[in-house]
Amino acid sequence: MLVSMNWLQQYVDLDSYSADELADLITKGGIEVETVEQLNKGISGVVIGHVLECQQHPDADKLNICKVEIGEEEPVQIICGAPNIAQGQYVAVAKVGAVLPGNFKIKKAKLRGEASHGMICSLQELGIESKLVSKEYADGIFVFSEDVTPGEDALEYLNLHDEVLELGLTPNRADAMNMIGVAYEVGAVLNRSIELPSPELVRSDEGVEGYVSVRVENEEDNPYYGATVIKDVTIKPSPQWLVNRLVSAGIRPINNVVDITNYVLLEYGQPLHAFDYDRFGSKEVVIRRAIEGEKMVTLDDVERTLSSEHLVITNGSKPVAVAGVMGGADSEVQEDTTTILLEAAYFNSKLVRKASKDLGLRSDSSARFEKGIDRNRVVGASERAAQLIQEIAGGTVLKGIAEQGDRTIEALDVSIEVNRINQVLGTEITETEVAAIFERLQFSYQNFGGTFTVQVPPRRPDITISEDLIEEVGRLYGYDNVPATLPVTESTPGQLSEYQVKRRHVRRTLEGAGLYQTVTYSLTSPSKRHFFSSDSVESVRLAMPMSEERSELRTSLIPHLLEVAQYNRNRQLENIAFYETASVFLPGDELPVEQEHLAGVVSGLWQEHLWQKEKKAADFFVVKGILEELAVEFGVEERLTFARAEEPKLHPGRTAAVYLDDELIGYIGQLHPEVEKELDLSETYVFEINLEKLLQADVAHLKYKKLPRFPSVTRDVALVVSESLEAGEVKRVIKEAGGSKLVEIQLFDVYQGEHLEEGQKSLAFSLRYYNPEQTLTEEEVKKAHDRVLKAVEEQFGAALRQ
Amino acid sequence: MQERLQALKEEALSEIQQASSMKEVQDIKVKFLGKKGPITEISKGMGKLSKEERPKMGQLVNEIRTAISDQLEEKIARLEKAAVEERLKEETIDVSLPGRPVKRGNHHPLTRVIEEIEDLFLGMGFSIAEGPEVETDYYNFEALNLPKDHPARDMQDSFYITEETLLRTHTSPMQARTMEKLNGEGPVKIIVPGKVYRRDTDDATHSHQFMQIEGLMVGENVRMSDLKGVLQSFAKKMFGEEREIRLRPSFFPFTEPSVEMDISCFNCGGNGCSVCKGTGWIEILGGGMVHPNVLRMSGFDPEKVTGFAFGMGPERIAMLKYGIDDIRHFYTNDSRFIKQFNSL
Ligand SMILES: [Zn+2]
């Protein structure tokens, strides 16, 4: 909503407040003033000029040499190229030395040999937006249509010294979508009285009955409809004051009657529609639902197909307007119109919204109906418009209104206790202060011992319950005056849940290990939705995606981490170590199943210390080590296992499935070289696990283990086995055979090559034996160790390496 | 004999003085004091001397032996010291060379801001509630006093999956989910961090996915002044002790009265600058007193309890706090961006 200071001044005394000061007070009162615009945009030196002579330039077809009186001793010569320039006109002249928008300075000039002392201006040159310039002046200079005096300030006549406040209205404050509403608000904020228009309408003796009748089929759809008939009007351009008001509000002037309906829309917030009575097609206005598939051509010359959810105004046989949204082309007011049928109605806001949305038509009218207008102002607005039409367009207003429905509704009573206000706000506002605030708002009330019963006027449909009154009191009392206190309710321990604590540990462990956290999008394309063959085939897909790229919810975090890897690699950031924890989404019953996953991507150098020539490339075991560390952290190091696995997008020889006990919880592996090539990535390792499974694993509380009291014995053994045998398998057999005294098995060497036969490898383990009860005897160690050697020999044919 | 001994002493001392290595010193020791050395020889030959001369000569031999050994000891100590010094010199390093980098990652800046806010509210007795990112229409809108035909909700602003489910547009649905579980028994003190989604085209200031932290406190006698107090602590903690806050009336369907909170500009201190667009104030979050309809729908009696709620955007807070100019940085994950958030 754009609010002209000059216009507002008509209703409230704004003296002593600058636009900026007023803006600040309105904002603090609850309606945010988004901008304050100076309409003159820094213009100076533009006066009214009278074109005394106008002759064609001898050397230029399109230029005219004009003698213009500008209130100085002698007329000045100005060269003008506008097609509509003519002798006798009163025009806006930028004198030599004038400044136009954009700091454009007017200097003396010579055009094809003729001197020019200034410039005759178009409205656009004076900073008025093209879309606000009426058709007649769209392509040429502006011509004053009234009595003006040469030499006087042209900006004054064009209202360009005005300032305009732009209000950012929240949906509940539709009451401020009109000047009267703004006047009430500003009056309350400034604690000043307001003066509203009271149209004095002289109606003819001839009644409206012989011209038109109104029939509303369903009063729920259209609680009130009134039609006024005005005869003998003359359609012509509006007077300058009216044009100025519309331009300041951002509306383009059309002709007097249309401009008046727009003016009243802005002033009262009441959308009106003027039909050409003679083109209406009947003497009957029937308001009904459209018939499914019914068609009509709207003002913008577009044929619209309607449905039974749309309300239409008809002439008894066919629609002439979509109620509250837009009129029809057939009954539009035109230059030859002489009789006006003026509609002022209250339509059901939901129906207006539905039609406006379905037809893709949003207008100043529909916006107001949708948010709710003041029921009690409908008739007043129609009288205001009729009065202005009579004044400006001539004409006779017929007696009476053809109408159906109640003109007004009663105020709503809402009660509130002063104690309750203070209890909710934490303030100590007195009864007197509350009363004063309601008076500022011009709400009538009764006060019985601190309980106020307020008669909320229909102009404020946002106020329906006592909390709404608390807000009114609070905002005008001023939230700056509300103290800052600490809650006095019973104290509660603030703590993270066990899962939240663990999740924070996951982040710290991964970051301690060298990974950086990322956050990527949940929405993705169908091809990036999944990564592993075990991912759900069914997707959770948006009903109306904005793009295919963001159309489905992901079931794997890896594709977006790979995007991050690509992004960084394309910027020569090749050493990559990222992780993310986020939800993935699997189809579910009512809602999808959301599972928190942990995934990572590692590529390039894992560690590097240049001058000491240390370089360690990322590999499978770097990533595996990180997961093993997490397993230690969450007490499942014995239960988290890795088993060779195959995944189409991973390297067939470098992929493992991750199990917690017997449950598959994720994968770890190198990208398949073909995938690496496709994504233009070098050797890249990824992992993804179901974090919930890891963090929710049932583990015993941490307990202290006694420190060893006796020495332990360590035996190293190098076993020669087939190269296809996995070390993990050998370790498992050693552990089984070693018995309870074997407390630690560490693999410390893997060797293949010289001194070994083709197809064989040597695995060297360090085995530590310990007895917590007493010092181990040589005998005990030998017994256990022999069992180990026997077992590996029997199971794998493993020979001791010499 | 006496002269011989004196000469030997002179010779030994001179050789000791000239010796420059441990080996030479050892050789000198063997040469003069060894079993086959001249002094031992002389000692052995003392038998031939008279009774009177013997003790005198014996004393002299001992004196000379002691003198030589003392000198040897001293020389050895000196050489050892020199050797240590030599070794230390060899072992000297260039301490200006760079140290071995410690491998360490860090939080994403959004996590950093969210954890900071979480810790602040944990300290005030709030706990952290989390809920589904795909919500029902009921929890996302209806339970928050936004019935199906409410003008403030527009299908166009949300990502619907079915008629009844959508990607949550705020983390506020946890208000109702949390309250419902409590069967009308307060107090409720939660904050709800999480991802939310809106139908926006991604640009420097919009993102179709972003973070939100919702806060809710419901109990007997919870006042708007408490909201102001809690938010004031928050503003000072996040943006500095000198920060002032102001509440402006606003509108949200789920709070009544509703407010927006501004903080005094941390860049200019309130005089007006480009960060605060000349106003001296920066809009940080929205909130208000929980609407009685919301309390009622979730099983609380608005006659008995009151509550406040607020919602803030970690992206906005991080952008202001760290001077980040483009919201897309948070989701692009340029490692040069992420790595900047590695210090306190
Ligand atoms: Zn500032």
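Residue numbers start from 1 in every chain, and the chains themselves are labelled A, B, ... in the order their sequence lines are given, proteins ahead of strands.
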Going through the distances and angles, do B:S127 and A:T492 end up as a side-chain contact (heavy atoms from CB on, under 4.5 Å)?
-> CA-CA 9 Å; B:S127 41; A:T492 43; over 6 Å; no
Could you walk me through whether A:D468 and B:E256 pass the side-chain contact (heavy atoms from CB on, under 4.5 Å) check?
-> CA-CA 6 Å; A:D468 296 323; B:E256 186 70 37; 3.0 Å; yes
Evaluate the side-chain contact (heavy atoms from CB on, under 4.5 Å) criterion for residues A:E467 and B:H291: first the C-alpha distance (whole Å), next the side-chain angles of each, then the deciding distance (0.1 Å), finally the verdict.
-> CA-CA 8 Å; A:E467 281 73 12; B:H291 196 288; over 6 Å; no
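For A:E34, the CD atom is densely surrounded, since the number of other residues' heavy atoms within 6.0 Å is greater than 12. Counted within 6.0 Å of CG on A:D589, heavy atoms from surrounding residues, nucleotides or ligands total 12 or fewer; the atom is thus considered open.
Panel note: side chain B:K339, backbone A:Y516; no donor-acceptor pair is recorded below 3.5 Å. When atom types are taken as modelled, the side chain of B:N106 and the backbone of A:E511 share no donor-acceptor pair closer than 3.5 angstrom. Put simply, the side chain of A:Q500 gets close to the backbone of B:I128: a donor and an acceptor are under 3.5 Å apart. Judged by distance alone, the side chain of A:T485 and the main-chain N or O of B:S225 form a donor-acceptor pair under 3.5 Å. Although no hydrogens or angles enter the test, the distance criterion places no donor-acceptor pair under 3.5 Å between the side chain of B:K103 and the main chain of A:Q607.
Of the two parts of B:P302, only the backbone, made up of N, CA, C and O, holds a non-hydrogen atom closer than 4.5 Å to a non-hydrogen atom of chain A. With a 4.5 Å cut-off on non-hydrogen atoms, B:F341 does not touch chain A at all. Using a 4.5 Å cut-off between heavy atoms, A:R475 contacts chain B through both its backbone and its side chain. Neither the backbone nor the side chain of A:R173 comes within contact range of chain B; no heavy atoms are under 4.5 Å apart. In this structure, chain B has a heavy atom under 4.5 Å from the side chain of A:E614, while its backbone stays farther away. When heavy atoms are compared at a cutoff of 4.5 Å, A:P487 approaches chain B by way of both its backbone and its side chain. B:P292 touches chain A through its side chain: at least one heavy atom from C-beta onward sits under 4.5 Å away, while N, CA, C and O do not. No part of B:E244 comes within reach of chain A, as not one of its non-hydrogen atoms sits under 4.5 angstrom from that chain. Interface residue B:L167: only side-chain heavy atoms are found under 4.5 Å from chain A. Residue A:I576 does not touch chain B at all, counting heavy-atom pairs closer than 4.5 Å. With a threshold of 4.5 angstrom between heavy atoms, A:T27 approaches chain B through its backbone and through its side chain. For chain A, the nearby part of B:F330 is the backbone; its heavy atoms alone come within less than 4.5 Å. Using a 4.5 Å cut-off between heavy atoms, B:E164 makes no contact with chain A at all. At a 4.5 Å heavy-atom cutoff, B:K277 makes no contact with chain A through either its backbone or its side chain. Proximity to chain B (any heavy atom under 4.5 Å) is shown, for A:S522, by both the backbone and the side chain. For A:E563, no part lies near chain B; criterion is any non-hydrogen pair under 4.5 Å. Heavy-atom distances place both the backbone and the side chain of A:K28 under 4.5 Å from chain B. Heavy atoms closer than 4.5 Å to chain B are found in the side chain of A:L573, but not in its backbone. Proximity to chain A involves both the backbone and the side chain of B:S258, based on heavy atoms less than 4.5 angstrom apart.
The two residues A:W611 and B:P98 have their closest heavy-atom pair at NE1-O, 2.9 Å. Minimum interatomic distance between B:V259 and A:Y479 (heavy atoms only, all atoms of both residues): CG1-CE1, 3.5 Å. Nearest heavy-atom pair across B:R223 and A:L486 is NH2-O, 3.6 Å. B:Q209 and A:T520 make their closest contact through NE2-O, 3.2 Å (heavy atoms, listed as atom of the first residue, atom of the second, distance). Here the shortest heavy-atom pairing between B:V134 and A:P592 reads CG1-CD, 3.4 Å. Between A:V482 and B:K228, the shortest heavy-atom distance links the atoms O-NZ, 2.6 Å.
Chain A forms more heavy-atom pairs under 4.5 Å with one residue of B:E133, B:Q232, B:K189 than with any other, namely B:E133. Interface check for chain B: of the options A:A582, A:S497, A:G474, A:G29, the most heavy-atom pairs under 4.5 Å are formed by A:G29. Of the listed residues (A:I470, A:N172, A:N575, A:L510), the greatest number of heavy-atom pairs within a distance under 4.5 Å of chain B belongs to A:N172. Of the listed residues (A:E580, A:E608, A:R550), the greatest number of heavy-atom pairs within a distance under 4.5 Å of chain B belongs to A:R550. Options A:Q495, A:Q612, A:H560, A:Q517 differ in how many heavy-atom pairs under 4.5 Å they form with chain B, and the most are formed by A:Q517. In terms of non-hydrogen atom pairs under 4.5 Å with chain A, the most contact-rich of B:G219, B:G288, B:P132 is B:P132. The greatest number of non-hydrogen atom pairs below 4.5 Å with chain A, out of B:M124, B:E130, B:E260, B:E220, is found for B:E130. When each of A:V540, A:L610, A:T427, A:L496 is scored by its heavy-atom pairs under 4.5 Å with chain B, the top score falls to A:L496. The candidate from A:L425, A:I465, A:D480 with the greatest count of non-hydrogen atom pairs under 4.5 Å with chain B is A:L425.
Taking the six-membered ring for Trp and thresholds of 30 and 60 degrees, A:Y521 and B:H208 have ring planes inclined between 30 and 60 degrees apart.
Atoms OG1 and CD1, on A:T518 and B:I338 in that order, are 6.5 Å from each other to the nearest 0.5 Å. Of the inter-residue distances, the one linking A:Y567 atom OH with B:N333 atom CG reads 9.5 Å to the nearest 0.5 angstrom. Between A:E471 atom CD and B:M289 atom CE the span is 11.5 Å, to the nearest 0.5 Å. Atom CD of A:E590 and atom OG1 of B:T162 lie 8.5 Å apart (nearest 0.5 Å). Atoms CZ and OG1, on A:R507 and B:T111 in that order, are 5.0 Å from each other to the nearest 0.5 Å. Distance check: B:H107 NE2 to A:R504 CZ gives 7.0 Å after rounding to the nearest 0.5 Å.
B:D200 is linked by a salt bridge (Lys or Arg N to Asp or Glu O under 4.0 Å) to nothing, counting only residues two or more places apart in sequence or in another chain. Contacts of B:S335 classified as side-chain hydrogen bond (donor to acceptor under 3.5 Å, both in side chains), with partners at least two apart in sequence or in another chain: A:N568.
Salt bridge annotation for B:R168-A:E594: absent, with no cationic side-chain nitrogen under 4.0 angstrom from a carboxylate oxygen.
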